[in-house]
Undergrad: 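My structure is below; once you've seen it, I'll send some questions.
FYI, the numbering just counts along the sequence from 1.
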Amino acid sequence: MKNTLVLISILLTTIGNAQSKSKSETSKPFVLGIVEEIHSKVLSEIRILNIYLPDGYSTNDTITYPVTYLLDGSADEDFIHVVGLYQFNNFPWIDRVPKSIVVGIANVDRKRDFYFPTTIVEDKKRNPTSGESAKFISFIENELQPFIEKKFKTNASKTIIGQSAGGLLATEILIKKPQLFNKYIIISPSVWWDNCSILKEKSEIYDDHFKGPIAIYVGVGKEGLAPTAIPHVMEVDANLLVEKLKSTKSNNVKVHLDYLPEEDHATVTHQAIFNALRILYPKSEE
């Protein structure tokens, strides 16, 4: 009996080892995208890009694709779940959004890159590296976009997605360099920065001769007070931004406000982007 139990034990161990070996021999990595590095002369550093290429992408055909540039685009930030939204909306039975290339820009120092200089001393003390957004915008315009357009099969459609400080950067680009993107997905933007000075900036998008076209989505949750020395409420600031954008005299600027009361600053991003893709790609465009 004892020998029988030992024999059974040996057989089970052998089978288990064989199954384990079989699994290891057939296992493959699950590949979501590719990783590129770009050496930025403007920023004096190497930046990591996480890139998703849509199903069917091929360098051998003539099809070109829209590009979505995602701020906070590290693998442990927003890249994976945002790519999932695009992939989901590309299902043939949904077909809401054109197949797109998604470029996730991994962070190095988001406060440095996303904030412009502030006159509020307390805020500068809390964010000592802040104030170099102009350099980052130059990087996007003069290095990143040309790099992507040279390396991949792109068309003229370009979207930027930014949340919180990233939303402020997307807003700054919209105000100062609106031609860089066709669609702006701005979520919970830190409009409070520098006591809302971004709302006082002049811009060509407010003029009747602005050609565009540009579509803007601004989403905000139930978020309350902003982390600044001068009291600001996130929802109020988002509304002020939308009101300012809607004051444009141009018919080529379309602005959408989306209030998500069941979400807060930490949870709003995913649902807001889902909503934005539905709003910015209406059925009439399909």
Side-chain angles (χ1 to χ4, degrees), residues 27-38 47-59 63-107 110 114 140 144-145 148 151-155 157-167 169-170 181-189 215-221 223 256 258-283 285-286:
S27 297
K28 297 178 182 178
F30 178 78
V31 179
L32 185 64
I34 59 176
V35 179
E36 294 279 356
E37 292 185 352
I38 177 172
R47 298 303 294 252
I48 302 297
L49 307 174
N50 297 307
I51 299 172
Y52 166 77
L53 300 175
D55 182 49
Y57 181 94
S58 173
T59 57
I63 300 173
T64 57
Y65 297 87
V67 183
T68 292
Y69 292 84
L70 174 65
L71 304 173
D72 295 319
S74 296
D76 60 353
E77 294 174 314
D78 292 328
F79 181 73
I80 293 174
H81 77 91
V82 171
V83 164
L85 287 172
Y86 273 83
Q87 188 259 356
F88 173 80
N89 280 287
N90 286 161
F91 284 141
W93 55 91
I94 297 174
D95 195 25
R96 176 178 287 159
V97 176
K99 288 186 176 182
S100 303
I101 298 168
V102 179
V103 178
I105 310 168
N107 280 326
R110 71 193 301 273
F114 296 172
I140 291 174
L144 177 58
Q145 286 188 346
I148 295 298
K151 194 171 184 68
F152 299 98
K153 299 175 68 62
T154 68
N155 60 34
S157 179
K158 290 176 282 190
T159 299
I160 186 169
I161 301 176
Q163 188 261 351
S164 192
L169 184 83
F181 298 96
N182 315 106
K183 290 180 171 62
Y184 288 79
I185 299 177
I186 299 170
I187 305 160
S188 304
I216 306 158
Y217 167 95
V218 178
V220 65
E223 305 186 28
H256 308 269
D258 187 16
Y259 178 49
L260 297 88
E262 295 184 358
E263 308 298 339
D264 59 26
H265 196 71
T267 65
V268 70
T269 303
H270 191 83
Q271 186 62 51
I273 296 173
F274 182 86
N275 292 355
L277 295 179
R278 182 183 66 249
I279 292 169
L280 297 182
Y281 292 96
K283 291 288 185 180
E285 288 189 10
E286 294 179 1

Undergrad: Can you list everything that forms a ring-ring contact (aromatic ring centres under 6.0 Å, His included) with Phe88? Sequence neighbours excluded, please.
TA: Phe91
Undergrad: Are Tyr69 and Phe181, when compared by the centres of their aromatic rings, separated by less than 6.0 Å?
TA: yes
Undergrad: Kindly give the heavy-atom pair with the smallest separation between Leu260 and Gln271, and that separation in Å.
TA: CD2-CG, 3.5 Å
Undergrad: Heavy-atom distance under 4.5 Å between the side chains of Phe274 and Arg96, does that happen here?
TA: yes
Undergrad: As an exercise, state the distance from CD1 of Ile279 to OH of Tyr281, rounded to the nearest 0.5 Å.
TA: 13.0 Å
Undergrad: Using a 3.5 Å distance criterion without hydrogens, assess whether the side chain of Tyr57 forms a donor-acceptor pair with backbone atoms of Lys153.
TA: yes
Undergrad: Could you report the tightest heavy-atom contact between Pro189 and Gly219, atom names first, then the distance?
TA: CD-O, 4.4 Å
Undergrad: Rounded to the nearest 0.5 Å, what separates atom CG in Asp78 from atom CG in Leu70?
TA: 5.5 Å
Undergrad: To the nearest 0.5 Å, tell me how far Asp76 CG sits from Asn107 CG.
TA: 9.0 Å
Undergrad: Is there side-chain contact between Tyr52 and Thr68, with heavy atoms separated by less than 4.5 Å?
TA: no
Undergrad: Could you tell me which non-hydrogen atom of Thr269 sits nearest to which non-hydrogen atom of Ile187, and how far apart they are?
TA: O-CD1, 4.0 Å
Undergrad: Does any non-hydrogen side-chain atom of Glu36 lie less than 4.5 Å from one of Ile148?
TA: no
Undergrad: Do the side chains of Val268 and Val220 get nearer than 4.5 Å, heavy atoms only?
TA: no
Undergrad: So Thr154 and Tyr65, do their side chains get closer than 4.5 Å, heavy atoms only?
TA: no
Undergrad: Give the minimum heavy-atom separation between Glu223 and Asp264, together with the two atoms involved.
TA: CG-C, 4.0 Å
Undergrad: What's the spacing between Ile185 CD1 and His256 NE2 if we round to 0.5 Å?
TA: 11.0 Å
Undergrad: Hey, what do you get for NZ (Lys151) to CD1 (Ile38), rounding to the nearest 0.5 Å?
TA: 10.5 Å
Undergrad: So, for Asn89 and Leu85, which heavy atoms are closest and what is the spacing to 0.1 Å?
TA: ND2-O, 2.8 Å
Undergrad: If we only count heavy atoms from C-beta on, is the Ile273 to Val82 side-chain gap below 4.5 Å?
TA: yes
Undergrad: So, taking the atom named CD1 in Ile51 and the one named CD1 in Ile34, what distance separates them when rounded to the nearest 0.5 Å?
TA: 5.0 Å
Undergrad: Is a side-chain N or O of Asn50 found less than 3.5 angstrom from the main chain of Gly73, in a donor-acceptor match?
TA: yes
Undergrad: Can any side-chain N or O of Tyr86 pair as donor or acceptor with the backbone N or O of Pro54 at less than 3.5 Å?
TA: no
Undergrad: Name every donor-acceptor pair, under 3.5 Å, that has one atom in a side chain of residues 157-164 and the other anywhere in the protein, sequence neighbours excluded.
TA:
residue : atom : partner : partner atom : Å
Gln163  : NE2  : His265  : O            : 3.1
Ser164  : OG   : His265  : NE2          : 2.9

Undergrad: Within the 4.5 Å heavy-atom criterion, are Ile48 and Glu37 side-chain neighbours or not?
TA: yes
Undergrad: Could you work out, with ring-ring contact (aromatic ring centres under 6.0 Å, His included) as the rule, every residue matching Phe114, not counting sequence neighbours?
TA: Phe136
Undergrad: Looking at Tyr217 and Ala272, what are the two nearest heavy atoms and their distance?
TA: OH-O, 3.3 Å
Undergrad: Is the shortest heavy-atom distance from the side chain of Phe79 to the side chain of Leu32 under 4.5 Å?
TA: yes
